[in-house]
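First comes the structure, then the notes that go with it.
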Amino acid sequence: MKIPTSKLSRLQPEQLAAWAKEAINRSKSGQIAAYIPLLARADRQGFAVQIRAIDGQFLSWGSIAQTFSLMSAVKPFVLLYLLCELGEKTVFDCVGCEPSELPFNSLTQLEIDQGKPRNPMINSGAIALASLIPGQNAVARCQNLLDWLNQQANSQLFVDELMLSSVNSMPNENNWNLALKMVESGYIQNSKIALETYNRLCCLSGTVEDLAKLGMVLVNSGDRQIGENCRTVKALMATCGLYEASGRFALRVGLPAKSGVSGAMISVIPGQGAIGFYSPPLDKEGNSVAGLFLLEQIAKTLRLSVFD
C-alpha cells in the first residue's frame, strides 16, 4: 500500500462528498454574476472539485467534465508568466503589491493610487499586466500565454469564443475607464489592446482538473527560476486573491487562493498540493460561496494553514 506523503491524500471520498453537498446547499445564499449574459445562464447547482497532491494522488467530486471560463482565476498565472518572461522589476514597475480596500473593479482605488494598480489580482492590475504580454495583438498575446500554461501544467486550456463574444456584447465601461486612467498616468500605452487582451485572457477555459494542474505549477515547479517566482505569486494570492475578503480568509483558513466571477476558484497548499473548484453562486465580494466553505473545511480538518 502506498503511504501518502501529502496531508491531502488522507482525505476520504466520503468526507469530500459530504462537504461538497453541504457547500452546494450553502451556495443558495449566493448570486450568479449577471453582467455577462452567458455567465448569467450558469447552472446554480453546477459544482466540481479536484484535489491534487504532490504524491500524485488526486480526488474529484461533481461535474468534473464541466468546462468553465477562469475569469479572474487566471490572474495569478498571468503574473507568473510575466515574472518568468520579463522579471520582477518590469512587472512591479507597472503594478503594485498591496491589498486593495475597495472592490476589484474600483476606479476610485486607482485614482487614490495616482493611476498605478494596487496589485495584480484586481482588474486594473490584470489589465496593466495584459499590456505587457509579448505579441502584436490580443490574439497573439493570449496564445503566447495559453501555450506556456498548457506546457507548464500539462493542461488543456482553450479560449471559449462564445464566452468572449458574450463579454464583448456588453462593453464594460468600468474596465474601459480603468484603462484610460492608466494610459493617462503612463502605466499602459494602448488601452484598446490591453482591454482586448484582458477580456480574452478571462475567457481561457477548462475543467477543475485543468485548474488543479495549474495550481500544481505553483506547488512543485522543478525549475528554479519559476520556483522563485511562484513564491511571489502565492504571497500575492494570500494577501490579495480574494479581494476585500483576503485578510479574513487568511485568518480563518490560511491558504493562498484566487477566485473568478464564473465561480472558478484555485487554492494552493505549499508543499502539499492544489485544489480547483467550480461553483457559480458568489458572495458580495465576488467569491464562490461553495468554494470558500469547502476550502475552509478541508484546511481546518487537515490543518493545512500555512500559519499552523
Tell me whether [X] shares a hydrophobic cluster with [Y], the cluster being built from Ile, Leu, Val, Met, Phe, Trp, Tyr side chains joined at under 4.5 Å.
| X | Y | result |
| --- | --- | --- |
| Val91 | Met237 | yes |
| Leu195 | Val74 | no |
| Leu201 | Phe104 | no |
| Leu132 | Val95 | yes |
| Phe277 | Ile32 | no |

>> Taking CD in Glu22 as the centre, count heavy atoms belonging to other residues, nucleotides or ligands within less than 6.0 Å. Is the count above 12?
In response: yes

With a 3.5 Å cut-off and no angle check, do the side chains of [X] and [Y] form a donor-acceptor pair?
| X | Y | value |
| --- | --- | --- |
| Gln143 | Arg141 | no |
| Asn123 | Lys75 | yes |
| Tyr243 | Lys258 | yes |
| Thr207 | Asp210 | yes |
| Gln109 | Ser100 | no |
| Asp55 | Ser9 | yes |

Are the charged groups of [X] and [Y] less than 4.0 angstrom apart, N to O?
| X | Y | value |
| --- | --- | --- |
| Glu228 | Arg231 | no |
| Glu285 | Arg248 | yes |
| Arg118 | Glu101 | yes |
| Lys181 | Glu111 | no |
| Arg200 | Glu196 | no |

Does any non-hydrogen side-chain atom of [Y] lie less than 4.5 Å from one of [X]?
| X | Y | value |
| --- | --- | --- |
| Ile193 | Ser131 | no |
| Val253 | Leu292 | no |
| Pro281 | Lys28 | no |
| Leu145 | Leu204 | yes |
| Leu218 | Cys230 | yes |
| Met121 | Pro76 | yes |
| Thr67 | Phe158 | yes |
| Leu214 | Leu157 | yes |

Where is the tightest heavy-atom contact between [X] and [Y], given as atom of each residue plus distance?
| X | Y | answer |
| --- | --- | --- |
| Trp148 | Glu85 | NE1-OE2, 4.2 Å |
| Pro120 | Leu129 | CB-CD1, 3.7 Å |
| Asp93 | Tyr187 | O-CE2, 3.5 Å |
| Met71 | Cys203 | CE-SG, 4.5 Å |
| Asn150 | Ser155 | OD1-OG, 2.7 Å |
| Leu255 | Ser267 | CB-OG, 3.7 Å |

Roughly how far apart are [X] [atom1] and [Y] [atom2], rounded to 0.5 Å?
| X | Y | atom1 | atom2 | result |
| --- | --- | --- | --- | --- |
| Ser124 | Asn119 | OG | CG | 7.5 Å |
| Ile275 | Gln50 | CD1 | CD | 10.5 Å |
| Ser60 | Leu16 | OG | CG | 8.5 Å |

>> So, using salt bridge (charged side-chain N to carboxylate O under 4.0 Å, His left out) as the criterion, who are the partners of Glu98 when residues are at least two apart?
In response: none

> In a check of side chain to side chain contact (heavy atoms under 4.5 Å, CB included) between Ile24 and each of Trp19, Phe293, Phe47, which one passes?
Replying inline: Phe47

> So among Ser166, Ser205, Ser262, which one has a side-chain hydrogen bond (donor to acceptor under 3.5 Å, both in side chains) with Ser69?
Replying inline: Ser205

